[in-house]
Amino acid sequence: MAAAAEGLAAYRAVLRAARRTFAGDQLMLKESAVEIRRRFEDHRGLAPGSDEAARALADAREAAHFITHMIVQATRAPSGSFVVKPESVHAGATLEVPSEEILSKLK
């Protein structure tokens with residue numbers, strides 16, 4: 001039962017992250033909820049406690065963190081340009097662009 005509760009907690013965390021990040025954007029809210037649900041349904045049959053299940057839960061936690069800290073929703077200004085307003089959760093967030101050296105290690 002603990003595995004089911006952990007899965008549900010991870011599912012809710014990803015949904016909360018999407019709701020916060022995409023607040024006010026109905027299309028993204030709807031589409032992200034559908035995608036999140038699909039991803040969790042794809043992993044429904046994993047054996048509790050298995051390495052695959054642990055990996056899927058870790059991926060879900062990472063997705064919630066990524067959505068919260070690395071995605072900033074832009075809004076259209078009256079001038080037609082887009083305005084990005086990062087929040088305090090985005091402070092210090094960086095995304096490393098992989099170098100050729102890093103990419104060669106992945107092969």
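Everything numeric here is computed off the predicted structure, so don't read it as measured data. All residue numbers in this chain count up from 1 along the given sequence.
The list of salt bridge (Lys or Arg N to Asp or Glu O under 4.0 Å) pairs with a residue in residues 27-42, not counting sequence neighbours, reads Glu35-Arg38, Glu35-Arg39, Arg37-Glu41, Arg38-Asp42, Glu41-Arg44.
Partners of Phe22 by ring-ring contact (aromatic ring centres under 6.0 Å, His included), not counting sequence neighbours: none found. Taking Arg20 as the reference, Thr68 meet the side-chain hydrogen bond (donor to acceptor under 3.5 Å, both in side chains) condition, with sequence neighbours excluded. Here His65 pairs with His69 under the ring-ring contact (aromatic ring centres under 6.0 Å, His included) rule; sequence neighbours left out.
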Sequence neighbours excluded and cut-off under 3.5 Å, please list the side-chain donor-acceptor pairs for residues 70-81, or say none.
residue: Gln73; atom: NE2; partner: Asp25; partner atom: OD2; Å: 2.5
residue: Arg76; atom: NH1; partner: Gly80; partner atom: O; Å: 3.0
residue: Ser79; atom: OG; partner: Ser81; partner atom: OG; Å: 3.1

Solution key, residues 50-57 side-chain donor-acceptor pairs under 3.5 Å, sequence neighbours excluded:
residue: Ser50; atom: OG; partner: Ala47; partner atom: O; Å: 2.8
residue: Ser50; atom: OG; partner: Ala53; partner atom: N; Å: 3.1

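Here CZ of Phe66 is found 13.0 Å from CG of Asp59. Values are rounded to the nearest 0.5 Å. To the nearest 0.5 Å, the span separating CZ on Arg19 from CG on Leu15 amounts to 6.0 Å.
A donor-acceptor pair under 3.5 Å links the side-chain atoms of Ser32 to the main chain of Leu29, judged by distance alone.
Linking Ile, Leu, Val, Met, Phe, Trp and Tyr residues whenever their side-chain heavy atoms come within less than 4.5 Å leaves Leu46 and Phe40 in two separate clusters.
A pairwise comparison of heavy atoms in Ala64 and Ala17 identifies O-CB, 3.6 Å as the closest pair.
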